[in-house]
Number of protein chains: 4
Amino acid sequence: MGIQERKKREKERRRQQIIVAAKKIFSEKGFTKSTMEDIAQEAELSPGTLYLYFKNKDELYASLSLRILQYLNIRLEDLKNAENMDSQKKIAALKDALYDVYQFDPLVLISMFHLQSSETLKNLSPDLLADIMKLSRRSLRMMAQIFEEGIRRGTLINKNPTALADVVWALFSGIVLWEESKKLIDKNKDYLKQTLDIAFEILSRGVTN
Amino acid sequence: MGIQERKKREKERRRQQIIVAAKKIFSEKGFTKSTMEDIAQEAELSPGTLYLYFKNKDELYASLSLRILQYLNIRLEDLKNAENMDSQKKIAALKDALYDVYQFDPLVLISMFHLQSSETLKNLSPDLLADIMKLSRRSLRMMAQIFEEGIRRGTLINKNPTALADVVWALFSGIVLWEESKKLIDKNKDYLKQTLDIAFEILSRGVTN
Amino acid sequence: MGIQERKKREKERRRQQIIVAAKKIFSEKGFTKSTMEDIAQEAELSPGTLYLYFKNKDELYASLSLRILQYLNIRLEDLKNAENMDSQKKIAALKDALYDVYQFDPLVLISMFHLQSSETLKNLSPDLLADIMKLSRRSLRMMAQIFEEGIRRGTLINKNPTALADVVWALFSGIVLWEESKKLIDKNKDYLKQTLDIAFEILSRGVTN
Amino acid sequence: MGIQERKKREKERRRQQIIVAAKKIFSEKGFTKSTMEDIAQEAELSPGTLYLYFKNKDELYASLSLRILQYLNIRLEDLKNAENMDSQKKIAALKDALYDVYQFDPLVLISMFHLQSSETLKNLSPDLLADIMKLSRRSLRMMAQIFEEGIRRGTLINKNPTALADVVWALFSGIVLWEESKKLIDKNKDYLKQTLDIAFEILSRGVTN
DNA sequence: TATGAATGAGAGTTCATTCAT
DNA sequence: AATGAATGAACTCTCATTCAT
């Protein structure tokens with residue numbers, strides 16, 4: 001078994017090696033302009049090898065999302081388990097978690113938001129798509145639980161928690177993409193943190209009874 | 001003079017003919033997978049003709065945004081001029097305006113949000129980019145004015161109006177993209193209106209003093 | 001008849017107008033990169049009009065050669081008629097004539113040399129080709145006559161005069177093209193006159209008995 | 001080590017395979033009308049493969065020149081090292097060398113002369129251009145040395161040797177192009193050798209003291 | 001498992017030429 | 001005669017993917 005283990009570990013390491021390279025290249029050039037050749041070179045592998053680990057370019061791209069979704073899940077899990085926190089605090093903590101996710105890897109996060117609602121999504125292998133969906137759903141469910149709890153306690157307004165989670169997610173992604181867009185035009189502008197703070201302050205006030 | 005008039009009208013009609021075709025194709029296949037050939041065929045024109053009206057594929061794509069931004073501007077202009085409306089009402093009206101913009105042309109709106117925060121933006125001709133920027137900025141300024149007014153009157157919390165406008169825009173685009181994304185996975189889901197309603201209700205409560 | 005005359009004159013003027021424009025554009029951009037659109041614009045005409053006066057782009061290009069060949073013929077004619085000139089002087093005068101032709105329109109001359117021995121030649125209409133051939137042959141014949149005369153008089157070595165004319169023409173075109181080539185690499189270099197002087201001095205010594 | 005060797009050899013063979021095909025196609029159709037598709041087909045390769053070996057069409061075209069320039073260099077080198085030859089003999093030998101170069105590959109030589117003094121030259125990659133320039137310059141320098149030697153010995157007239165080399169080169173290229181041109185019109189004519197002989201006889205007489 | 005040369009379909013774009021007005 | 005919008009074939013070049021080694 002030891003050998004198989006080691007092989008599996010090595011295989012996983014290769015995958016990561018490719019993912020790291022892909023992240024770099026995709027971030028620098030965007031999806032369309034990145035070539036498999038570029039990524040292979042960055043990973044110090046041959047183009048052919050990439051196809052041993054990823055079905056195609058789309059899947060490689062989408063795989064980046066998995067890592068960040070996993071990180072998001074961990075952060076939300078922690079938040080869920082946190083005790084002695086009122087809803088206000090939890091919402092503030094949610095904001096921090098999301099901001100951490102952004103900082104964990106801004107470019108990949110943006111890639112992921114691009115991936116959502118785009119053609120690429122349809123071309124993914126069912127397996128990968130299922131993985132992504134599972135993680136997203138779990139994240140949203142955990143966010144919903146925060147609101148659910150507050151509603152149960154009577155501190156938050158009585159709105160469908162799932163919808164509230166959608167609002168949070170939409171707000172977060174909207175802010176990330178919009179601030180990114182402003183940065184594209186004017187490199188100096190970087191108001192993400194501030195916009196996020198204001199947005200969540202309003203959100204917090206808005207959902208509080 | 002009549003002849004020049006007619007020619008101008010015909011030229012404009014051709015442009016529209018191409019825009020309609022482009023909208024259809026881009027919506028169906030996404031930017032990358034749509035070919036100029038596809039669009040030409042849809043418009044019942046030859047590929048070369050497209051280039052008489054649009055400098056290249058990027059510009060054709062971006063041109064779609066212009067119309068919807070113009071429509072948005074008009075709606076916001078109306079809102080600005082509306083009298084006898086308290087801030088609450090104005091925010092509700094703002095939501096309606098944005099929803100109308102969505103309904104005016106959902107696919108183009110989504111395209112526009114995709115265009116934002118993508119490499120394509122940088123490849124546009126300065127003229128077109130300037131036009132788009134001008135319209136976006138004007139829209140955001142008008143939204144900011146709604147908040148400004150409320151703050152002046154003391155009915156809204158004292159936050160930077162420009163930032164509030166950014167939050168609204170991010171929220172709107174985030175919801176549109178996220179709900180679209182959910183639809184891609186499951187065609188039956190269409191909660192945009194509901195999510196938008198909840199989001200703006202929270203927003204409204206959140207910014208009210 | 002007056003009207004027809006006038007029409008013919010006007011037609012000829014239009015032709016010239018186009019030729020002037022074509023010369024400018026071809027000189028600036030070279031044959032391949034010049035478009036009929038460019039030339040039409042320069043001539044302040046529409047692309048379609050060009051085709052009323054020239055069968056196609058190739059013919060328009062080749063037409064430029066005609067003018068310079070005509071000029072060459074005139075200069076050689078003068079030379080032929082010149083009396084009281086020994087062969088040495090005639091050869092020197094021939095050099096001057098050729099240099100004048102170069103100065104008359106360097107870019108068109110170069111174009112003409114490019115035209116020679118290239119694909120384009122085969123695509124010309126028989127008429128135009130015949131015109132060009134007629135003028136070239138006449139020029140060469142006149143050069144040959146200069147040598148013939150000298151040989152008859154015994155001042156020049158007894159070589160086939162036609163071959164000598166070929167040598168002169170090859171030498172002239174070779175120098176023009178080669179010096180042009182050097183200029184392409186280094187704009188400052190312009191030794192055409194000097195090279196031509198040396199070449200003809202040697203030629204003159206070489207053919208003198 | 002053997003494997004690397006073999007791969008290198010194979011790579012070089014492929015290059016040659018492409019060059020041979022390119023030569024054939026360019027000769028038949030001229031530069032503009034030859035398509036990469038044509039060449040690929042002739043080489044029994046796919047169009048994409050051509051681009052693995054040559055950056056673009058221009059470079060492929062220019063690459064043809066390199067081989068012939070190398071051959072020219074070798075021939076001139078031999079000539080330079082030849083002892084016990086007076087200047088007359090050396091000039092005759094120079095003519096023979098040039099004629100051999102012509103015979104080595106007439107079509108490529110003509111291509112090279114076309115390349116000279118054409119826009120294409122400017123589009124070459126600096127590396128390739130540098131290679132071509134280096135070889136041309138070296139060839140011309142070696143020709144100049146022949147004259148230099150004769151001048152030093154007092155057997156040749158005292159003219160700038162560099163200019164004399166230019167004259168030789170211009171004369172040679174002029175003759176090749178002009179005789180080619182005549183052949184285009186009338187396939188039966190082939191006076192290149194004879195014209196070259198006469199030209200060099202005159203040259204020789206002309207430069208001899 | 002890894003390679004990387006080769007593939008070849010297909011893209012965006014250009015432009016000589018035509019023809020209805 | 002002149003126009004100029006429209007054509008559409010043809011071009012160069014790219015690059016995701018394959019497969020013999």
Side-chain angles (χ1 to χ4, degrees), chain A residues 7 10-11 14 32-41 43-61 123, chain B residues 3 6-7 10-11 14 18 32-41 43-60 123, chain C residues 7 10-11 14 18 32-41 43-61 123, chain D residues 3 6-7 10-11 14 18 32-41 43-60:
Chain A
K7 289 221 170 174
E10 274 175 8
K11 185 154 185 171
R14 252 309 188 251
T32 309
K33 285 182 187 155
S34 300
T35 71
M36 293 300 265
E37 176 83 36
D38 289 339
I39 296 167
Q41 227 158 57
E44 296 180 12
L45 291 168
S46 77
T49 306
L50 267 49
Y51 287 84
L52 298 175
Y53 293 87
F54 298 92
K55 216 185 76 194
N56 55 38
K57 194 183 169 188
D58 282 345
E59 291 237 3
L60 175 50
Y61 186 60
N123 301 332
Chain B
I3 288 178
R6 183 176 51 97
K7 289 223 166 171
E10 273 175 11
K11 194 155 182 171
R14 259 297 191 254
I18 295 170
T32 308
K33 288 191 181 139
S34 301
T35 71
M36 293 301 265
E37 177 82 35
D38 290 340
I39 296 167
Q41 228 156 55
E44 296 181 6
L45 290 169
S46 75
T49 305
L50 268 49
Y51 288 85
L52 295 178
Y53 293 87
F54 300 92
K55 221 184 74 196
N56 55 38
K57 194 184 170 188
D58 282 347
E59 294 237 1
L60 174 51
N123 300 334
Chain C
K7 289 223 169 172
E10 275 175 9
K11 187 153 185 172
R14 255 302 190 253
I18 295 170
T32 308
K33 284 181 187 153
S34 300
T35 70
M36 291 302 264
E37 176 83 35
D38 289 339
I39 296 167
Q41 228 158 57
E44 296 180 12
L45 290 168
S46 78
T49 306
L50 267 49
Y51 287 84
L52 297 175
Y53 293 88
F54 297 91
K55 216 186 77 194
N56 54 39
K57 195 184 169 189
D58 281 345
E59 292 237 3
L60 175 49
Y61 186 61
N123 301 333
Chain D
I3 288 179
R6 183 176 51 98
K7 288 221 166 175
E10 273 176 9
K11 194 154 182 171
R14 263 288 195 262
I18 295 170
T32 308
K33 289 194 180 138
S34 301
T35 71
M36 292 302 264
E37 177 81 36
D38 290 340
I39 296 167
Q41 228 156 55
E44 295 181 8
L45 290 168
S46 76
T49 305
L50 267 49
Y51 288 86
L52 295 177
Y53 293 87
F54 299 92
K55 223 184 72 198
N56 54 39
K57 194 184 169 188
D58 281 347
E59 295 237 1
L60 174 51

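Given the structure is predicted, the values throughout are model-derived calculations rather than measurements. A, B, ... follow the sequence lines: proteins, then strands. Residue 1 opens every chain.
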Does [X] put a side-chain nitrogen or oxygen below 4.0 Å from OP1 or OP2 of [N]?
{"X": "C/Ser46", "N": "F/dT3", "answer": "yes"}
{"X": "A/Tyr51", "N": "E/dT3", "answer": "no"}
{"X": "C/Thr49", "N": "F/dT3", "answer": "yes"}
{"X": "B/Tyr53", "N": "F/dA5", "answer": "no"}

Rounded to the Å, how far apart are [X] [atom1] and [N] [atom2]?
{"X": "A/Glu44", "N": "E/dT3", "atom1": "CD", "atom2": "P", "value": "11 Å"}
{"X": "B/Glu37", "N": "E/dA9", "atom1": "CD", "atom2": "C1'", "value": "14 Å"}
{"X": "D/Lys33", "N": "F/dA9", "atom1": "NZ", "atom2": "C1'", "value": "15 Å"}
{"X": "B/Glu10", "N": "F/dG4", "atom1": "CD", "atom2": "P", "value": "14 Å"}

> Measuring from B/Glu37:CD to B/Ser46:OG, what's the distance to the nearest 0.5 Å?
Replying inline: 9.0 Å
>> Can you give me the closest heavy-atom contact between D/Ile18 and D/Ala43, atom names plus distance?
In response: CA-CB, 4.4 Å
Tell me what [X] touches on the nucleic acid: a base, only sugar-phosphate, or nothing, going by heavy atoms under 4.0 Å.
{"X": "D/Leu45", "result": "sugar-phosphate"}
{"X": "C/Phe54", "result": "nothing"}
{"X": "C/Thr32", "result": "nothing"}

> Any side-chain heavy-atom pair from A/Leu60 and A/Lys57 closer than 4.5 angstrom?
Replying inline: no
> If you find the nucleotide of DNA chain E closest to D/Gly48 and the one closest to C/Thr35, which residue's nucleotide is nearer the 5' end?
Replying inline: D/Gly48
> Nearest to the side chain of A/Met36, which nucleotide is it out of E/dA6, F/dA16, E/dT17?
Replying inline: F/dA16
> Do other residues, nucleotides or ligands put more than 12 heavy atoms under 6.0 Å from C/Glu10 CD?
Replying inline: yes
> More than 12 foreign heavy atoms under 6.0 Å from NZ of A/Lys11: is that the case here?
Replying inline: no
>> If the helix axis at each end comes from five base pairs, how far does the helix from E/dA2-F/dT21 to E/dT21-F/dA2 deviate from straight, to 10°?
In response: 10°
